[in-house]
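Working notes, beginning with the structure itself.
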Amino acid sequence: MSIALIRSMDTQGRIIIPADIRKETGIQSGSTLEIATEGATIRIRKCRSPFPGRKELPEFLEPLHRKICCGAAVCNAEYILASTGCFLPEGSTITPELRSLVLKQEEQIFQADMPTPVPGSRRTVAALFPVSLSPASKEAALLLVPETGRTLAATEQECARLVANMITRKYEERKEEYL
């Protein structure tokens with residue numbers, strides 16, 4: 001069923017999503033929503049939570065971000081699972097270009113032609129390190145997303161490589177919990 005209603009925005013830019021729409025789409029308090037523009041159209045969609053272990057990922061990303069001062073994210077072949085230091089909302093769909101790189105499951109350091117992580121992003125991915133979130137998501141990656149124009153030092157790459165290995169080990173040890 002398709003529902004279309006007209007609502008007014010308040011002075012702080014808020015709108016109320018009607019109960020019928022929230023019920024139909026499964027949106028509830030705490031749901032993550034993506035808001036995007038397409039010309040004069042504003043699109044709001046519910047972001048998916050791709051796997052149950054996602055809440056532990058910031059425990060790996062936040063220390064990495066503090067150490068190397070670079071945005072970091074983990075994605076599977078479809079969605080951003082977690083991020084810190086860069087605006088990549090959980091559940092955002094990744095670009096087809098990044099999807100193909102994640103599916104290769106090969107470490108990649110980009111010097112030029114850096115892929116964008118999500119459609120419409122101004123930031124680019126400088127490095128990709130494969131991780132396994134087995135069995136929930138065998139094809140996944142740790143992404144480094146620095147400020148535009150900044151190159152990554154070898155020590156930053158090595159820190160990220162270490163964190164990628166730690167993520168894989170953590171989820172391999174606990175794979176029976178995610179079955």
Side-chain angles (χ1 to χ4, degrees), residues 1-99 101-102 110 114-128 131 133 136-137 140-152 156 159-160 163 167 178:
M1 172 170 67
S2 180
I3 302 171
L5 301 169
I6 296 174
R7 290 289 185 256
S8 296
M9 182 172 62
D10 71 11
T11 58
Q12 293 182 332
R14 296 177 294 205
I15 60 169
I16 296 190
I17 300 172
D20 291 346
I21 292 175
R22 292 193 315 264
K23 184 178 179 182
E24 180 181 317
T25 58
I27 295 172
Q28 50 192 299
S29 179
S31 292
T32 303
L33 304 176
E34 175 187 40
I35 302 170
T37 59
E38 295 171 2
T41 302
I42 299 171
R43 182 175 42 92
I44 300 174
R45 79 170 180 89
K46 181 180 176 186
C47 295
R48 297 178 220 173
S49 297
F51 88 106
R54 72 190 177 283
K55 291 184 179 179
E56 296 169 336
L57 290 173
E59 295 173 13
F60 296 98
L61 297 180
E62 289 166 9
L64 176 63
H65 169 64
R66 282 194 308 270
K67 181 69 177 168
I68 67 174
C69 299
C70 178
V74 174
C75 70
N76 64 13
E78 297 180 55
Y79 306 102
I80 298 295
L81 302 175
S83 72
T84 189
C86 55
F87 183 69
L88 297 175
E90 179 183 307
S92 296
T93 304
I94 65 172
T95 60
E97 180 184 12
L98 183 57
R99 175 182 163 70
L101 295 169
V102 171
F110 302 98
M114 298 177 184
T116 55
V118 295
S121 177
R122 292 187 181 113
R123 307 260 307 256
T124 56
V125 176
L128 179 149
V131 297
L133 304 174
S137 187
L142 169 64
L143 311 173
L144 293 185
V145 186
E147 292 293 329
T148 304
R150 179 162 113 47
T151 57
L152 298 173
E156 293 173 317
C159 285
V163 169
I167 291 170
Y178 304 115

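Positions are given from 1, in the same order as the sequence printed here. Both backbone and side-chain heavy atoms feed into the values below; hydrogens, waters and symmetry mates do not.
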Item to check | Spacing of C86 atom SG and I80 atom CD1 [to the nearest 0.5 Å] | outcome: 7.5 Å
Item to check | S83 side chain to A72 backbone, donor-acceptor under 3.5 Å | outcome: no
Checklist entry - Listed by chain and number, what are the salt bridge (Lys or Arg N to Asp or Glu O under 4.0 Å) partners of R150, not counting sequence neighbours? => result E156
Item to check | By side-chain hydrogen bond (donor to acceptor under 3.5 Å, both in side chains) - contacts of R43 (at least two apart) | outcome: E38
Checklist outcome for this item: dist L98:CG -> L143:CG (nearest 0.5 Å) comes out at 5.5 Å
Checklist entry - How far apart are the closest heavy atoms of P146 and R123, and which atoms are they? => result O-NE, 3.1 Å
Checklist entry - Can you tell me how far the CZ atom of R99 sits from the CD atom of E78, to the nearest 0.5 Å? => result 6.0 Å
Next on the checklist: Measuring from atom OG1 of T151 to atom CZ of F110, what distance do you get when rounded to the nearest 0.5 angstrom?
Outcome noted: 15.0 Å
Checklist outcome for this item: Note: T148 and R122 closest approach over all heavy atoms is OG1-O, 3.9 Å
Checklist entry - Can you tell me if S121 uses its side chain to pair, donor with acceptor, with the backbone of V118 under 3.5 Å? => result no
Checklist outcome for this item: Heavy atoms of V145 and T124 approach each other most closely as CG1-O, 3.4 Å
Checklist outcome for this item: Separation between CZ (F60) and CG (L142), nearest 0.5 Å, reads 11.0 Å
Item to check | More than 12 heavy atoms from other groups under 6.0 Å of CD1 on I16 | outcome: no
Item to check | Sidechain-backbone polar pair: R22 side chain, I17 backbone, donor-acceptor under 3.5 Å | outcome: yes
Next on the checklist: Rounded to the nearest 0.5 Å, what separates atom CG in L88 from atom OH in Y79?
Outcome noted: 15.5 Å
Next on the checklist: Restricting to non-hydrogen atoms, name the atom on A141 and the atom on V131 that form the minimum distance, rounded to 0.1 Å.
Outcome noted: N-CG2, 3.6 Å
Checklist outcome for this item: In short, A82 meets L57 closest at the heavy-atom pair CB-CB, 3.7 Å
Checklist entry - How close do H65 and C70 get, heavy atom to heavy atom, and via which atoms? => result ND1-O, 3.0 Å
